[in-house]
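Only heavy atoms go into these numbers, but all of them, side chains included; no hydrogens, no water, no symmetry mates.
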Amino acid sequence: SNGLSILGIENNEVPLVEFDITIPGGQLLDPENKVGVASLLSELLLQGTSNKSPADLEEAIGLLGASIYAYAAKEEFHIYGSCLAKNFDATMLLVKEIILEPRWDEAEFSRIKKALETELKDSESNPNSIASKIYNKLLYGEQQIFSKPLSGTLETAESITLEDLKRYYKHLSPRNATFHIAGALSKQSVTKSLQKLNQWDAGTAKIPSYPDPKREHKNKLYFIDFPGAKQSVIRIGSLALSQNNKDANKLNFANEIIGGGSSGMLFQTLRIGKGYTYGAYSGVSKYNTVGPFTIRTSVRANATLKSLEIIKNMVADYAENFSSKEVDLTKNKILKANTRAFESLNAHLSMLKEISKFKRSNTFTEEKQNELIAMTLTDYKKVINKYLKEDEMIYVVVGDKATQFNELKKLGKTIIELDIYGNALKN
């Protein structure tokens, strides 16, 4: 009666259930000058309730053989868990207590905030973290909230107060939320247990929308010095599309050959063929807003230029070199993977979350497979040419300037040097 939707798949193979409450908002509802509030709240919610200390809550969850977590994502807030099917009712009592009776403990808030500040400070000496933060900042621009890390920055973390978390908490409304469940329970028993959550009620928050970012950084290489680095961290990509776009599945299919796992061209060339890296992959981020196509790898420092040249040529020639052979390989690879892709409870939960997040039909997996089978060589070339334009991609490299900076000039791109916060340095 409070508007919470329920989506479920009954599976009686094992006496377990997995569940997820998805509440729209996530980072999108963070105050623009205090990014990280949603993430901090997700941690604080599990630090006890008004009736239980953190230790008491942890013990209560453990005695049921259950797990309960909360986390913030870019577009939603999640409360996730698993338990024995026979303990689902009791687990929901704890979920209800976590949602409706937060502890708001100042000491716990100070502890997790201090831990966050330490983590953020440590990330300044992590080249992978530096690369990801700057890549997102360049992709989305200063005005889009996705340009900032989910957990915020040292500056935003310092300004966040417990009152900020309390204000965000009011956005946790069941009205547009969905309860997903997979496991050994009937629809009737799940619905009965979830009556406990009818006391949860809150007004629906208006989720901000942001204009599409300007694509002003294309065909540039941004270099961040990490003195003495033995590896160079590389991020290459551009904004592609929303998962609600009619081309979303087609682009995901097209990615399989170039960067879909260890059989992809990136992995096979850079690791197996050249031995430059432990792994190289690509993929499309799945958001309702426009998400990027991204290539990720870390390579030996002395192979930085060679790796970038390989990636550059691979992407530039991808559509032209894509043949009927690749059409068949893509189809066979995905169809074979699908034979075991939907067996686990977690896989069932993922299907349900995709249905609710992107408003898919209940038979979307079959529709997606039929779309794959119907894909022609022309379809692949068209989607690759439309979204994977090498000369519109941003290149981010975090590595040793002393040995790599002058070498990278041979790549033929405009090189801009940044500090670890993404600010341009004067030459």
Would you call [X] and [Y] a side-chain contact if the rule is heavy atoms closer than 4.5 Å?
X	Y	result
Ile234	Ile295	no
Pro54	Glu108	yes
Glu76	Ile23	no
Leu40	Leu165	yes
Val397	Val233	no
Asn244	Arg360	yes
Met314	Met265	yes
Tyr395	Arg235	no

Main chain of [Y], side chain of [X]: is a donor-acceptor contact present, judged purely on distance under 3.5 Å?
X	Y	value
Thr339	Leu335	no
Ser307	Val299	no
Glu326	Ile257	no
Thr277	Arg271	no
Thr156	Gly152	no
Lys34	Asp164	no
Lys410	Leu305	no

Sequence neighbours excluded, every pair satisfying salt bridge (charged side-chain N to carboxylate O under 4.0 Å, His left out) that has a member inside residues 362-383: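 Passing the test, one end in residues 362-383: Lys250-Glu371.
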Are more than 12 heavy atoms from other residues, nucleotides or ligands located less than 6.0 Å from atom [atom1] of [X]?
X	atom1	answer
Gln143	CD	no
Glu32	CD	no
Glu158	CD	no
Lys306	NZ	no

Non-neighbouring partners of Asn255 that pass side-chain contact (heavy atoms from CB on, under 4.5 Å), sequence neighbours left out: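 With neighbours one apart ignored, the set is Ile258, Ser282, Phe293.
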side-chain contact (heavy atoms from CB on, under 4.5 Å) against Asn423, all qualifying residues, sequence neighbours excluded: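 With sequence neighbours excluded, Asn423 shows a side-chain contact (heavy atoms from CB on, under 4.5 Å) to Lys137, Asp419, Tyr421, given in chain and number order.
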Sequence neighbours excluded and cut-off under 3.5 Å, please list the side-chain donor-acceptor pairs for residues 175-182, or say none.
{"from": "Arg175", "atom 1": "NE", "to": "Ala202", "atom 2": "O", "distance (Å)": "3.1"}
{"from": "Arg175", "atom 1": "NH2", "to": "Asp201", "atom 2": "OD1", "distance (Å)": "2.9"}
{"from": "Arg175", "atom 1": "NH2", "to": "Asp201", "atom 2": "OD2", "distance (Å)": "3.3"}
{"from": "His180", "atom 1": "ND1", "to": "Asp20", "atom 2": "O", "distance (Å)": "3.1"}
{"from": "His180", "atom 1": "ND1", "to": "Asp20", "atom 2": "OD1", "distance (Å)": "3.2"}
{"from": "His180", "atom 1": "NE2", "to": "Ser356", "atom 2": "OG", "distance (Å)": "2.7"}

Hydrogens and angles aside, do [X] and [Y] bring a side-chain donor and acceptor to less than 3.5 Å of each other?
X	Y	result
Ser151	Glu119	no
Gln369	Asn338	yes
Asn245	Gln243	no
Ser189	Ser186	yes
Tyr80	Glu18	yes

Nearest 0.5 Å, what's the [atom1]-[atom2] distance between [X] and [Y]?
X	Y	atom1	atom2	value
Leu308	Ser232	CG	OG	8.0 Å
Glu58	Gln47	CD	CD	9.0 Å
Leu266	Ile272	CG	CD1	12.5 Å
Ser42	Phe77	OG	CZ	5.0 Å
Leu7	Asn362	CG	CG	7.0 Å

Nearest heavy-atom neighbours spanning [X] and [Y]:
X	Y	value
Asn12	Ala184	OD1-CA, 3.4 Å
Gln27	Leu150	CB-CD2, 3.6 Å
Val35	Pro149	CG1-O, 3.3 Å
Leu46	Tyr69	CD2-C, 4.1 Å
Ala254	Val383	CB-CG1, 3.8 Å
Ala248	Ser242	CB-O, 3.9 Å

Residue pairs, two or more places apart or on separate chains, that pass ring-ring contact (aromatic ring centres under 6.0 Å, His included) and touch residues 224-279: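 Counting only pairs at least two positions apart or across chains, the ring-ring contact (aromatic ring centres under 6.0 Å, His included) contacts touching residues 224-279 are Phe267-Tyr281.
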All pairs passing ring-ring contact (aromatic ring centres under 6.0 Å, His included) where residues 361-394 contributes a residue, at least two apart: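 Every ring-ring contact (aromatic ring centres under 6.0 Å, His included) pair that includes a residue of residues 361-394, provided the two are not neighbours, is Phe322-Tyr380.
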Going by an N to O cut-off under 4.0 Å, is there a salt bridge joining [X] and [Y]?
X	Y	result
Glu354	Lys357	no
Glu417	Lys401	yes
Lys148	Glu155	no
Lys166	Glu163	yes
Asp391	Lys389	no

Evaluation steps, side-chain hydrogen bond (donor to acceptor under 3.5 Å, both in side chains), between Thr403 and Asp400: CA-CA 6 Å; Thr403 58; Asp400 179 43; 2.8 Å; yes
Residue pair Ser263, Lys333: steps toward the side-chain hydrogen bond (donor to acceptor under 3.5 Å, both in side chains) verdict: CA-CA 9 Å; Ser263 63; Lys333 181 180 177 183; 2.8 Å; yes
Tyr169 and Trp104 aromatic ring geometry - parallel, tilted or perpendicular at 30°/60° bounds: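 Rings of Trp104 and Tyr169: perpendicular, over 60°.
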Ring geometry between Phe223 and Phe405 (parallel below 30°, tilted from 30 to 60°, perpendicular above 60°):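 Perpendicular: the ring planes of Phe405 and Phe223 meet at over 60°.
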Full working for side-chain hydrogen bond (donor to acceptor under 3.5 Å, both in side chains) between Glu142 and Ser147: CA-CA 6 Å; Glu142 297 282 359; Ser147 67; 5.1 Å; no
Aromatic contact, Phe146 with Tyr210 (centres under 6.0 Å):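 No - the distance between ring centres of Phe146 and Tyr210 does not fall below the 6.0 Å cut-off.
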